Amino acid sequence: MNSRSATPDGAKTISIVGLGGSLRPTSSSRAALKVALDGATDAGAMVDLLDIRQLNLPMYDPSSNDMPKSVSRLVDTVYTADGMIWSSPLYQGSISGSFKNALDWLILLGDREPPHLTDKVIGLISVAGGTQGLQAVNTMEFIVRALRAWAVPLVVPIPQSWQAFEDTGRPANPQIEEPLKTLGEEVVRVTRRIAQKEVTDPGAVCAAAVARLARLVSR
């Protein structure tokens, strides 16, 4: 999945990479990620999808110097991205092993400049068969901070994923589609502000966004 859109004012096109899915052939977390990337495309971003199933990454082994093509693609694509959207299923109260393995490989970005995911903006999605998807989001937020990135305050935990998407992979109703697309748009909005040097303190922007969302909820 790759799409390029130019911004109306000729500004630098923002690159957003989606990482996620599962090893399941029909993955609801992958379906959710695609919808969020549609929102990023609508907001004028260039998007790319790193599908966990298609990447077929080996287990991360810190003692190995082997660099498969799948790992090179993951690391290089993430490094050049301006922002990301992550999507994981909830397994045993946390993110899936295959998704965590992909994130473990990002340790190879530690030698880049800037290192890790410094100042990249990341949107978070989780899907769960039950109702506790926020636990996976919480885990991802810890990892975002460890990699020196910024998570947007809007997160999308999707419960009862078995009925959330149609067989085609499209959301079953607007209550699922709209938050996912909004998340994609929000990642692009904040990423663009940082890229255009409108933001010198991403943490303050995230804090302000949290306050804005709190006011909306309290109305």
Side-chain angles (χ1 to χ4, degrees), residues 16-23 27-30 32-33 36-37 40 49-52 55 57 59-62 71 74-75 77-79 81-112 114-159 161 179-180 182-184 186-191 194 199 201-214 217:
I16 304 297
V17 170
L19 175 65
S22 71
L23 301 183
S27 165
S28 54
S29 55
R30 184 186 309 116
L33 182 56
L37 289 174
L49 171 62
L50 293 175
D51 182 344
I52 295 293
L55 281 174
L57 297 167
M59 288 297 294
Y60 172 67
D61 179 356
V71 173
L74 168 70
V75 173
T77 301
V78 169
Y79 180 70
D82 296 302
M84 297 187 71
I85 302 174
W86 294 357
S87 180
S88 173
L90 178 75
Y91 289 169
Q92 309 301 339
S94 186
I95 59 177
S96 70
S98 57
F99 183 75
K100 178 59 166 60
N101 183 56
L103 297 180
D104 286 345
W105 276 109
L106 297 185
I107 195 172
L108 299 179
L109 291 173
D111 294 331
R112 304 287 182 99
H116 306 293
L117 302 183
T118 299
D119 285 345
K120 293 187 191 296
V121 177
I122 301 181
L124 304 177
I125 303 166
S126 69
V127 299
T131 60
Q132 302 300 318
L134 194 58
Q135 292 174 260
V137 169
N138 292 338
T139 299
M140 286 188 278
E141 286 184 329
F142 295 145
I143 299 172
V144 168
R145 289 198 291 272
L147 291 173
R148 308 180 190 178
W150 302 95
V152 296
L154 175 63
V155 298
V156 184
I158 300 175
S161 58
L180 288 170
T182 299
L183 176 64
E186 184 71 357
V187 170
V188 174
R189 183 186 69 83
V190 178
T191 300
I194 293 174
V199 174
D201 185 355
V205 174
C206 288
V210 170
R212 183 173 66 251
L213 289 173
V217 170

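All values derive from a computational prediction rather than experimental measurement. Quick note: numbers below take in every heavy atom, side chains included, and nothing from hydrogens, waters or symmetry partners. Position 1 is the first residue of the sequence, and the numbers go up from there.
Proximity of a side-chain donor or acceptor of Lys120 to a complementary backbone N or O of Ala81 within less than 3.5 Å is detected.
Between Pro157 and Pro159, the shortest heavy-atom contact is O-CD, 3.5 Å.
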Practice problem: Would you check, one step at a time, whether the test side-chain contact (heavy atoms from CB on, under 4.5 Å) holds for Leu19 with Ile52? | Solution: CA-CA 7 Å; Leu19 175 65; Ile52 295 293; 3.9 Å; yes
Quiz item: Can Ile122 and Leu147 be said to form a side-chain contact (heavy atoms from CB on, under 4.5 Å), step by step?
Solution: CA-CA 11 Å; Ile122 301 181; Leu147 291 173; over 6 Å; no
Practice problem: Let me see the working for Leu90 and Ser126 under side-chain contact (heavy atoms from CB on, under 4.5 Å), right down to the final yes or no. | Solution: CA-CA 7 Å; Leu90 178 75; Ser126 69; 5.7 Å; no
Exercise. Quick one: do Leu154 and Val187 satisfy side-chain contact (heavy atoms from CB on, under 4.5 Å)? Show the steps, please.
Key: CA-CA 9 Å; Leu154 175 63; Val187 170; over 6 Å; no
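When side chains are defined from C-beta on, Val144 does not count as touching Trp150, because their heavy atoms never get closer than 4.5 Å. A 4.5 Å side-chain heavy-atom check between Trp86 and Ser29 finds every atom pair outside the cut-off. Counting heavy atoms from C-beta outward, Ile16 and Val121 have side chains that stay 4.5 Å or more apart. At a threshold of 4.5 Å between non-hydrogen side-chain atoms, the residues Asn138 and Glu141 count as touching.
Among residues at least two apart or in separate chains, salt bridge (Lys or Arg N to Asp or Glu O under 4.0 Å) pairs with a member in residues 83-104 are Lys100-Asp104.
One finds the OG atom of Ser28 at 11.0 Å from the CD1 atom of Ile125 (value rounded to the nearest 0.5 Å). Between the CG atom in Asp61 and the CH2 atom in Trp105 there is a gap of 7.5 Å [rounded to 0.5 Å]. Here the CD atom belonging to Gln135 is positioned 8.5 Å from the OG atom belonging to Ser94, to the nearest 0.5 angstrom.
No option in Ile85, Leu134, Val155 other than Val155 meets the side chain to side chain contact (heavy atoms under 4.5 Å, CB included) test with Leu124.
Shown here are the side-chain contact (heavy atoms from CB on, under 4.5 Å) partners of Ser96, two or more places apart in sequence or in another chain: Ser88, Pro89, Tyr91, Ser98, Phe99.
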